[in-house]
Trainee: 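This structure is in structure tokens; I'll ask about it shortly.
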Amino acid sequence: MNTNETQSDIWRWMPDQMSTFASNVDGLFYFILILCVIFFTLIVGAMVYFVVKFRRRTDQDETPLIKGNHTIEIIWSVIPGILLIAIFTWGFVDWMKLGTVPPNALDVRVEGYKWAWSFVYPEGIVSGELVVPVGKPVKLTMSSKDVLHSFYVAEFRIKRDVLPGRYTVQWFEATDTGEHWVQCTEYCGTSHSKMIAKVKVVSQEEYDEWISTGGGMGDDVPLADLGKMLYEQRGCVACHSLDGSKVVGPTFKGLYGVERKFTDGTSAVADDNYLKTAILAPNDTVVEGFSPVMPSFQGQLNDRQISALIEFIKSVSQ
Amino acid sequence: MSSTSANSGIDEKKYLAHHFQNMAQQNASGKLGMWLFLGQELLFFSGLFMAYFAARYFYPETFLDAHTYLDWKLGALNTVVLLTSSLTMALAVRGAQTNNNASLVMNLWLTIILAFVFLVVKYFEYTHKFDLGILPGSFYAGPEIVGQPNVFFGLYFVLTGMHGLHVVIGIGVLIWVALQAQKGVYNSVNHVFVENVGLYWHLVDLIWIFLFPLLYLVK
Amino acid sequence: MFAKFRKEVLQRSADDHSSGEPHVLPLKVYFIVFASLMVLTVVTVGVSLLGLPPVPSIIAAILVAAVKATIVAVFFMHLIAEDKFYSVILVSTVFFMLLFFGLTLLDMDSRGFKNPEESLEYWQQFSHEKALTEEAAPE
Amino acid sequence: MFLSQQRTNSAAADASGSEPSYLTAKRGLMSWLVTVDHKRIGLMYLVSVLFFFLVGGLFALAVRMELFSPAENYFSADTYNKLFTLHGAVMVFLVIIPSIPASLGNFFLPLMLGVKDVAFPKLNLLSFYIYVFGACFFLYTLVSGGLDTGWTFYTPYSSSSSETSVISSTFGAFVLGFSSILTGVNFIVTMHKMRAPGMTWTRMPLFLWSLYATSVIQVLATPVLAITLLLLIAERTLGIGIFDPAMGGDPVLYQHFFWFYSHPAVYIMILPGFGVISELITINSRKHIFGYKAVAISSVSIAVIGFLVWGHHMFVSGQSEFISVFFSFLTYAVGLPTAIKVFSWVATMYKGSITLTTPMWYALSFLFLFSIGGLTGLFLGALSVDVHLHDTYFVVAHFHYVMMGGTIIAFIGGIHHWWPKMTGKMYNSAMGNLGCFLTFVGFNVTFFSQFLMGSQGMPRRYYTYLEQYETLHVISTIGSQVLGLGLFVTLFCFIHSLMAGKKAGKNPWGGLSMEWETESPPIEHNFHGQPVCERGPYDYGK
């Protein structure tokens, strides 16, 4: 997704074709578009022509009593019928292609939860961004933790709802490197529009290197930077702001070391172990004026990642 | 008034609404309207049966296990009670059509009594379940059953509850019709209302005919 | 066959009153119908005690219930004596109901059609294991 | 059409019309609140539907204002979610489903059939009060924290995680369903059992054919919505666990329940619009409809096939791929009769004598807008393209073109067309044309840009969006202002006509169907004698 929009980016029908499936979808899309333009000009053209040609000249002029014409009626039922069946079959063929996952696909588990995505790689890496090698099919086995979501990447032309209590599967094969947005397209509450994540298509070498460094979160990365990456990728950004404004959860600005009052009347200083329990068991202590909607990150973040987040909150709190 | 001769001189004009041409048109409209209403009721219950089939598809073993807590003998008794009430209702309608007011009134009250018996039996069933802690949905505190017992019992209470509600509505209308019948309002000319109430009652019975085997006799 | 039966019942009930009054079935018909309903209730219970495997036992139960329902509809609800349009309404309503059941059950049945992960069994099996892994390896 | 007068021996004065019209026959508020006259009930429905159209429209303007730029402009995320939800719910349940059948249908069904009233007048009044009762629940929802689940109430969001007043709005929609069912029952019985002598099924105006098809759907589909909403309330309160996966349910099952009603519901919305357009085009081109039987039968076939296609709303929702193929094929089957209707309307205008009255302008803009709406349905019916386009602004544009561009434009055109008959006054056609023009332009600017946004991947119900869509959102917001202006001009045109409109004659447009036989506004029991129908409603010229 190139951030500098040129004029051609606004006035076009389809986003860039970044997956093998995209060309099929665009082919059918433009085929239907041409058909629509033809039929539309036929209908509106005939309408305008008749209105101009058969304007009422006097109040008494007679019109012929045409009750119908079987031949025309048959023609304009059969021809659209054939075209409709053609469109259906083309759509059906591509749909079957989208349904069959190639055998050697890279299997990534996708977890959707209220207002963020997390991707679990076969090697056990949990990342907030979907990093995939170019030219290799990727199979997404998706499930949600709370309400319905939907995994949609416009450039790959793929979309599938993510259901709690069931897996749904879809696949894609990126044809070009680049960065695209994953957007949630099934309404899921307050920050439904913030539930976006990045898809990074990289070359195979870069991908292997990314995997080897534990998903870009290797031990060499300083704690605060690792914390910042986690903050953006693991969905904290969707609810906790850095500039003091209330989104859904409390802001991180000026949080560390400050007295926090809770809904049950008790209070505590926001120090290291308070933040750790707040991450692992958020609904035990809820700050006044907020609702207990934060999902628990138990089993999602290892100790190093939690301390990285705490370092990041410290660095932001000044 | 028990003569069966041609509408024995009952003046049609008394019952004819201003916008109808004659009684035949008025009766036919009333019955057609009732049948459309019954069609709509049937589709209303179709949603419940669909929920039943879906839940049974998802949790077959729960249904097998949980239905043992339903006493099928009480269910069978209720079926017999409702079928008899359907008979007495049909006889009541026949009484109205043949100007036999006595049989109309007697059968109507019989139907009402049988409907009450049905509700009483249902009351015992429900209290028996509440004692076991079997409450609908998330209030379920009953015995341990594999799978999702709250789904089966939630459905059981919704299905029989909705049907019971329709029985209660039926009783209300039947009492009103019985009181009118005692005043001799209905005769062979003006009997469409009794017939419509009869159609509604037979539909309620129809729904129970399907409910009984699906809920109580799950094998 | 049904038309002959219907004409025969109507003919027998038509001879004892003039055309002015609505068709009224003879008393005997009501009690025969009631008796058959009682017998069919016993059959319903009997069928369920046969111990058929789950799916056939549902179909059998529904068939018996359907027979009882048609008897109630045809005799008690006077469909046999009324003009055919009411039966058309009833039948079309039942048709739309079955349509609703059929397509929805067909969808639920064919869920794991292309990818087995989407089927219900996969989730019940794996979510069971996933729950275990979460308990087994707390951070 | 000879109106053979059968002298009625009632105390009616002579036929010259010294009898008071239905508006002046009885006076006082009570005479309106407890009337069983189908014309007064029709007017009461018209006023309440237009009121809620204003309420829903204001929500729409608020939504568009907020989307002017990706940043937080006027409302917080929660308020925005409530705004688009209430816009959807008010427009669907309170405006567009009762709009044409309840107001114009109630008023003109008996007049067009040549009878005194609908089959069950008291039931007609009862369904109006059920409508008001249901509307009160929606007003209570507005007051008590709104609703933020989307008009579709999808579980598990609506059953477990939404804290807004879901129960009162679901119960409101449940109650409104009954008003729709009872109107449907009333219309079917009236059309079957009550007709002027000589009026066979093929001599009925096409508006009645489309009302018949609509009523069939109303009676057969709405109860499934009623039970769905009751189960949703039971799910949210008792937790019976059919739809909510946390308690063992299946959210896709809810979508099946919901769309089994809601797709036929979109045909409840559009079919009366087709009926109005058949009337407008034939009268204003003064020519027999092209293919009466084809147009009439296609209304009923749309109603029947409409029950088979609900799955095309759920191609990507986790529904099995196998059944999606079945639904996609049938979606194209239901597209065909709609296409036949549009072609027949255009063919009707061939060799006609066309006047460009305001209703005709609305009919022409209907043909323009509905063609776009209908044709874009082809994209969404194709399985592979729908994967890309589902739940994006392409879908929003599609259903606004069909619902707003179709039903509401036909509704306003129908009000203009029958305004002289209903109120006895003419409207200023220049102002009416201006309103139509502004609505047409504003509509296209608002929603055509949304097609582009949608196919580029802009998701629905988004409070903030990626910067690449900003220009199109700006255009769409400006368009919505013009659209709002156009509708206000139309409203002013009606009010102006009520105040200062010229007296309208019996038959200002030269129509041949029966409602033009009686005075405007008609007398209380519609006709002086019992009119007899000798020939079809479109037998212009020989």
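Keep in mind that what you see is a predicted model, and the values were worked out from it rather than measured. In what follows, chains carry the letters A, B, and so on, assigned in the order in which the sequence lines appear, proteins first and then strands, with residues in each chain numbered from 1.
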Trainee: For Ile167(D), what residues pass the side chain to side chain contact (heavy atoms under 4.5 Å, CB included) criterion, not counting sequence neighbours?
Mentor: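 By the side chain to side chain contact (heavy atoms under 4.5 Å, CB included) rule, Ile167(D) matches Ile233(D), Arg236(D), Thr237(D).
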Trainee: Check whether Tyr261(D) gets within reach of chain B through its side chain, its backbone, both or neither, counting any heavy atom under 4.5 Å.
Mentor: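 For Tyr261(D), no heavy atom lies under 4.5 Å from chain B.
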Trainee: When rounded to the nearest 0.5 angstrom, what is the spacing between OH in Tyr52(B) and CZ in Phe63(B)?
Mentor: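 So the OH of Tyr52(B) and the CZ of Phe63(B) are separated by 5.5 Å.
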Trainee: Would you please indicate if the ring centroids of His166(B) and Phe45(B) are separated by under 6.0 Å?
Mentor: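 That pair passes the under 6.0 Å test.
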Trainee: Can you tell me which of Phe37(B), Phe20(B), Trp35(B) forms the most heavy-atom pairs within a distance under 4.5 Å of chain D?
Mentor: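 Of the options given, most contacts go to Phe20(B).
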Trainee: Looking only at heavy atoms and a cut-off of under 4.5 Å, which of Ala17(B), Ala55(B), Ser46(B), Ala28(B) has the most pairs with chain D?
Mentor: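 Highest number of pairs under 4.5 Å: Ala28(B).
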Trainee: Among Tyr59(B), Phe152(B), Phe157(B), which has the most heavy-atom pairs under 4.5 Å with chain D?
Mentor: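 The candidate making the most pairs under 4.5 Å is Tyr59(B).
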Trainee: Output a table of donor-acceptor pairs, distance under 3.5 Å, between side-chain atoms of residues 108-120 of chain D and any protein atom two or more places apart or on a different chain; print 'none' if there are none.
Mentor:
none

Trainee: Top residue by heavy-atom pair count (under 4.5 Å) with chain D, among Leu155(B), Leu135(B), Leu42(B), Leu32(B)?
Mentor: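 With the most close heavy-atom pairs to chain D, the winner is Leu32(B).
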Trainee: Is a side-chain donor-acceptor pair under 3.5 Å present for Asn124(D) with Asn106(D)?
Mentor: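 Short answer, yes.
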Trainee: At a heavy-atom separation under 4.5 Å, does Leu238(D) approach chain B through its side chain, its backbone, both, or neither?
Mentor: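 Its backbone and side chain both get close to chain B.
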Trainee: By a 4.5 Å heavy-atom criterion (distance strictly below it), what part of Gln21(B) contacts chain D: side chain, backbone, both, or neither?
Mentor: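 For Gln21(B), the contact with chain D is made by the side chain alone.
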Trainee: For a quick test of reading the model, state the closest non-hydrogen atom pair linking Pro156(D) to Asp244(D) and the distance between them.
Mentor: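 Looking at all heavy atoms of both residues, the closest pair is CB-OD1, 3.5 Å.
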Trainee: Could you check His256(D), Gln255(D), His263(D) and say which one makes a side chain to side chain donor-acceptor pair (under 3.5 Å) with Trp310(D)?
Mentor: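 The option that passes is His256(D).
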Trainee: For Val158(B), which atoms come within 4.5 Å of any heavy atom of chain D: side chain, backbone, both, or neither?
Mentor: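 Contact with chain D involves the side chain of Val158(B) alone.
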Trainee: Most heavy-atom pairs under 4.5 angstrom with chain B, which of Thr190(D), Leu253(D), Leu220(D)?
Mentor: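 Most heavy-atom pairs under 4.5 Å with chain B: Leu220(D).
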Trainee: Is it the side chain or the backbone of Ile181(D) that comes within 4.5 Å of chain B heavy atoms, both, or neither?
Mentor: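 When you check distances to chain B, only side chain atoms of Ile181(D) fall under 4.5 Å.
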Trainee: Counting only non-hydrogen atoms closer than 4.5 Å, does Leu230(D) touch chain B with its backbone (N, CA, C, O), its side chain (CB onward), both, or neither?
Mentor: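 Contact with chain B: side chain only.
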Trainee: Would you say the side-chain atoms of Tyr129(D) and Ser179(D) include a donor-acceptor pair closer than 3.5 Å?
Mentor: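 Their side chains do not contain a donor-acceptor pair, so the 3.5 Å distance test is not met.
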Trainee: Given the options Leu182(D), Val185(D), Leu123(D), which has more heavy-atom pairs under 4.5 Å with chain B than any of the others?
Mentor: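 Option with the top pair count is Val185(D).
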